[in-house]
Amino acid sequence: MEDRPKILVVEDDDQVRSFLGAVLDKKGYQYRLASNAKEATEHLKNDFIDLVLCDIMMPDESGLHLCPDGNYPG
């Protein structure tokens, strides 16, 4: 069983997403990358994620809509 935290990075900018993935890899974290809210939702449905690092301003949907408690403006 894997005990390292699994982090989901949701970022539409390819360079930023790749950079964050490289940093997490170097530090030994498990991680998944998503380029939009749709991909992020699939990861959240199909995998146990400990932490989500999410861009708020994405072209398809606000990253705030991925927050399950709904405590966001708008």
Distance check, rounded to the nearest 0.5 Å: [X] atom [atom1] versus [Y] atom [atom2]?
X: Arg17; Y: Asp12; atom1: CZ; atom2: CG; answer: 8.0 Å
X: Asn36; Y: Glu11; atom1: CG; atom2: CD; answer: 11.5 Å
X: Asp25; Y: Ser18; atom1: CG; atom2: OG; answer: 12.0 Å

Q: Answer with yes or no whether the hydrophobic clustering places Val16 together with Val52; edges join I, L, V, M, F, W, Y residues whose side-chain heavy atoms lie under 4.5 Å apart.
A: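 No, because Val16 and Val52 fall into different hydrophobic clusters, even though each may have its own neighbours under 4.5 Å.
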**Q.** Single-linkage hydrophobic cluster Leu51~Leu44, side-chain heavy atoms < 4.5 angstrom
**A.**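 Not linked; separate clusters.
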Q. Arg32 pairs by side chain to side chain contact (heavy atoms under 4.5 Å, CB included) with which of Asn46, Leu8, Val9?
A. Leu8
**Q.** Ile7 and its side chain to side chain contact (heavy atoms under 4.5 Å, CB included) partner, picked from Leu33, Leu53, Ile49, Asp50
**A.**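 Answer after filtering Leu33, Leu53, Ile49, Asp50: Leu53.
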Q: Quick one: closest heavy-atom pair of Ala40 and Ala34, and the distance?
A: N-CB, 3.6 Å
Q.
How close do Val10 and Met58 get, counting heavy atoms only, and between which atoms?
A. CG1-SD, 3.5 Å
